[in-house]
Amino acid sequence: MHVSVIGCGYLGAVHAASMAKLGHTVVGVDVDAAKVALLASGTAPFYEPGLPELLREVGGDGRLTFGTDMAAVAGAAVHFLCVGTPQKHGEFRADLTHVEDAFAALLPHLRPGDLVVGKSTVPVGTAEALAERLDGTGATLVWNPEFLREGLAVQDTLHPDRLVYGVPTDDDGVPTADGDRAHRVLDEVYAAPLADGTPLVITDYATAQLVKVAANSFLATKISFINAMAELCEATGADVTRLADAIGYDDRIGRRFLNAGLGFGGGCLPKDIRAFMARAGELGVDQALSFLREVDAINMRRRVRMVDLAREVCGGSIVGRRIAVLGAAFKPDSDDIRDSPALSVAAQMQLQGAQVVVTDPQAVENARQAWPGLTFAATAQEAVVGADVVLLATEWQEYRDLDPAAVGALVARRAVLDGRNVLDPRAWRRAGWTYRALGRP
Ligand code: UGA
């Protein structure tokens, strides 16, 4: 099929390349000329494992092109909306400027029978409003939320856990004729994952939009639940990692997303739970989501607690202390620093008088642009030289694998803070380190 992908960021670039991999002819459109130029030359504009290889693989045969001009979508019958919906400045609500702009730019190019497929995470009600604006064009809107994880984006796009199509429905919630047709067209787009047995949920617009924010809210709640348990563990001398292992064996609970530590960040979970609360307020059901306030508060408290822990291991003050922060990205295998817990803690410590040196295998350049006041090092070995405290803030494999004896030879004082509960406390203590973590004795 001939498809267009509008917005070529972390979601859209991977989606465009993956659609080409599935055999479609794809044009990616983005307003950022620099990003388009990189993608057009077969280069990934951000770090995402597997994406450079995929771009090379599908770029060669001319089935994947990129441009800044929306007119390039002519010829495509399916248009994926993949633009970002960040948090509005100074508010909890989502900023829908990019959705608005992309949709308005796309409208004049639509032909009867075209599908507009929303993948961006939006407040419920957005799809309904956009669908109304398609009246008279002969095009149909489908809401098809995306569940990819950064770092695993290619795999998640080619082999999703599930597919959700929110289609136009009648008053009884039954898909209309347009809805049925949209369903058939999307089945063709996703023929390969569907043939692999990917579960498919066909539903209305509202449910499809809610599925996405409900899923992210559940994941955020799971993380904050275990971080709340970490606070209990700290007050009682218990070990949150053993607690998570033990409750995780109950498959109704499950061990995944029960890793306590610095909590969640990134461009999705934090802003999505806030936008969801804001939307619930507009709908008059704010009480239903008041627990998400607590989820957010627990999460943000982890960052403050980590600064306190640094102060404790420094004997009461971090002023003038040299602190090496391992990790700047919001999670490993990504260079995304949006709302990164690692950088939030690094910046707080710096503001409170510490000399902070941050390193990351992929995110140093992004971090330097956002936080020019911090000092950066290219490697962990460089960052820890002369350090009074080493803080593991993002659990890249190379930091998990660090040899406590070798690192010990470089630092001024052997004090390590394990912000992600991934180091072996015994191994570090045996090598003469003071080991502290959130929720562990
Ligand atoms: C998240 C969801 O997991 C995806 O399903 C969703 O598609 C995506 O948002 C989105 O809305 O686009 P992502 O932001 O890539 O994906 O990151 P996650 O893997 O969910 O991690 C989020 C944060 O939670 C990270 O900072 C991570 O370090 C933290 N985390 C994760 C924990 O603190 N503990 C855990 O046990 C798991």
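When a ligand or atom number is given, it counts from 1 through the structure's own listing order. Just so you know, these numbers use all the heavy atoms, side chains as well, and skip hydrogens, waters and symmetry mates. Remember, predicted model here, so these are calculated numbers, not experimental data.
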Inset, instruction - Measure the acute angle between the ring planes of F46 and Y10, then classify it against the limits of 30° and 60° as parallel, tilted or perpendicular. - result: tilted

Legend entry - Residues in salt bridge (Lys or Arg N to Asp or Glu O under 4.0 Å) contact with R184, at least two apart in sequence or another chain: none

Legend entry - Under-4.0 Å salt bridge between K119 and E146: yes

Legend entry - Given I273, N227, D339, the one that forms side-chain contact (heavy atoms from CB on, under 4.5 Å) with F264: I273

Legend entry - R255 side chain vs L258 backbone, donor-acceptor pair below 3.5 Å: yes

Inset, instruction - Would you name the heavy atoms of Q369 and P372 that are closest together and state the gap between them? - result: O-CD, 3.7 Å

Can you produce the list of protein nitrogen or oxygen atoms under 3.5 Å from a nitrogen or oxygen of ligand 1, alongside each distance?
unit_1, atom_1, unit_2, atom_2, d
ligand 1, 5 (O), F147, O, 3.0
ligand 1, 7 (O), F147, O, 3.1
ligand 1, 7 (O), L148, N, 3.2
ligand 1, 7 (O), L148, O, 2.7
ligand 1, 11 (O), K212, NZ, 2.9
ligand 1, 11 (O), N216, ND2, 2.8
ligand 1, 12 (O), K212, NZ, 3.4
ligand 1, 15 (O), E150, N, 2.8
ligand 1, 15 (O), K331, NZ, 3.1
ligand 1, 17 (O), K331, NZ, 3.2
ligand 1, 19 (O), K331, NZ, 2.8
ligand 1, 26 (O), G265, N, 3.1
ligand 1, 26 (O), F330, O, 2.9
ligand 1, 28 (O), R420, NH1, 3.4
ligand 1, 33 (O), G263, O, 3.4
ligand 1, 33 (O), R420, NH1, 3.2
ligand 1, 34 (N), N259, O, 3.0
ligand 1, 36 (O), L258, N, 3.4
ligand 1, 36 (O), N259, N, 2.8

